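Sequential numbering from 1 along the given sequence is applied to the chain's residues. Computed from a predicted model, the values in this text were never measured in an experiment. Atoms within a ligand are numbered from 1 in the order they appear, just like the ligands themselves.
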Amino acid sequence: MLSFVRNFHFYINIIMKINYFLFTGLLLTIIGLHACQKPLLFGLEQQKALGLQVRDQILADPQTYPILDEKQYPQAYQHIRRITNNILNSGKVEMKSQFTWEVRIIKDDKTLNAFCTPGGYIFVYTGLIKYLDTEDQLAGVMGHEIAHADRQHSARAMEKQYGVGLMVEIALGKAKSEELKQVANGLIGLKFSRDHEYEADAYSVNYLAGTQYRCNGAADFFVKIGGSGAQQPPEFMSTHPNPGNRVEAINAKAKTINCPTDKPDNKTEYQKFKNSLP
Ligand SMILES: [Zn+2]
């Protein structure tokens with residue numbers, strides 16, 4: 001009888017432990033599902049290494065990415081760095097000290113675009129700079145692209161599109177050159193989720209609120225491009241969210257965090273920037 005009681009307790013104990021593990025497992029799965037927003041397998045160091053490889057691939061392909069020569073156009077680079085640093089020094093960029101944050105200008109007047117690799121390598125096309133009227137608009141767009149890297153959207157989207165295996169190979173410098181080229185080219189048309197687009201817009205407002213720019217500069221951009229019927233919609237417009245809804249969401253965010261949207265246009269310095277381009 002005693003042995004039965006002892007066994008009974010033993011089995012109850014085992015069953016409770018199994019239940020505990022099942023419950024903990026379920027809980028971890030639920031937490032995991034929520035946490036899948038973050039790249040779990042691709043850490044910050046790997047993102048930086050990946051970004052560096054992609055940057056090098058871009059620099060090695062001047063046919064596709066004709067980088068504006070800094071020696072020839074030092075003023076243009078002073079302007080783009082000034083704008084980039086204003087955003088980075090807003091106090092709102094989480095990865096400000098972790099990521100590299102380099103910026104380069106691509107000499108291509110036909111392309112209205114900008115993008116940022118994981119790890120913070122930023123590329124802005126002359127087409128976009130020339131198309132816009134104010135520094136606030138450009139800062140709004142750059143804030144959006146910086147947010148994709150800062151919030152690690154880029155790494156997540158690349159993981160989804162190319163698989164973790166290839167990402168790790170690239171980060172380790174072991175990918176074939178064709179693979180690297182494919183990933184670098186894919187970065188420009190990288191599809192972000194609807195949530196990530198809205199989040200990048202909201203973060204653009206957050207960043208700009210800590211600068212001298214109008215915090216809804218990104219909304220000004222959408223309003224301008226909305227009526228233009230641009231042939232090649234840039235990354236920040238190529239995905240699902242409707243531009244009109246995004247303008248509303250950006251302005252609503254500005255209201256929520258109480259940042260002024262009636263600051264005067266920053267046109268004079270911006271015109272100097274445009275004049276410094278070829
Ligand atoms: Zn975007």
Side-chain angles (χ1 to χ4, degrees), residues 37-39 42 47 50-51 54-55 58 65 80 83-84 87-88 90 92-95 99 101 103-104 106 108 111-125 127-129 131-132 136-162 183-209 213 215-226 228 230-254:
Q37 288 281 339
K38 293 268 175 201
F42 217 63
Q47 287 180 45
L50 171 73
V54 173
R55 181 206 71 172
I58 289 171
Y65 309 99
I80 197 80
I83 300 166
T84 307
I87 300 169
L88 293 177
S90 63
K92 308 280 173 60
V93 179
E94 285 173 41
M95 297 296 158
F99 284 173
W101 304 115
V103 61
R104 282 182 178 78
I106 300 176
D108 175 356
T111 305
L112 300 182
N113 212 349
F115 61 92
C116 184
T117 73
Y121 298 94
I122 310 160
F123 294 85
V124 185
Y125 284 81
L128 178 70
I129 302 166
Y131 173 76
L132 298 176
D136 315 72
Q137 292 168 344
L138 183 66
V141 174
M142 287 181 71
H144 175 101
E145 296 304 327
I146 286 172
H148 277 317
D150 190 33
R151 301 293 300 153
Q152 303 170 53
H153 299 161
S154 318
R156 277 177 238 155
M158 286 171 92
E159 242 182 42
K160 202 174 161 200
Q161 199 157 327
Y162 300 104
V183 170
N185 292 344
L187 191 68
I188 296 160
L190 203 58
K191 291 277 173 283
F192 293 103
S193 71
R194 188 192 175 86
D195 286 351
H196 286 172
E197 289 303 340
Y198 275 118
E199 191 176 274
D201 286 348
Y203 269 76
S204 173
V205 177
N206 263 342
Y207 299 157
L208 265 57
Y213 301 122
C215 65
N216 62 341
D220 291 352
F221 163 81
F222 284 119
V223 170
K224 179 170 168 71
I225 206 163
S228 76
Q231 289 291 307
Q232 277 182 303
E235 176 279 310
F236 30 86
M237 284 196 70
S238 58
T239 28
H240 347 273
N242 171 295
N245 296 344
R246 287 174 75 177
V247 170
E248 273 176 33
I250 290 167
N251 289 330
K253 173 76 183 174

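- Look at His148 and the Zn ion (ligand 1): an N/O/S atom of the residue is under 2.8 Å from the metal.
- Between Thr117 and Phe123, the shortest heavy-atom contact is CG2-CE1, 4.3 Å.
- Between the Zn ion (ligand 1) and the N, O or S atoms of Glu197, the shortest distance is to OE1.
- Side-chain atoms of Leu138 and Ile80, non-hydrogen and from C-beta on, do get closer than 4.5 Å to each other.
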Inset, instruction - Decide yes or no on side-chain hydrogen bond (donor to acceptor under 3.5 Å, both in side chains) for His153 and Glu197, but give the supporting numbers first. - result: CA-CA 9 Å; His153 299 161; Glu197 289 303 340; over 6 Å; no

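- Cys116 and Gly120 make their closest contact through SG-CA, 3.8 Å (heavy atoms, listed as atom of the first residue, atom of the second, distance).
- Within His144, NE2 is the N, O or S atom that lies nearest to the Zn ion (ligand 1).
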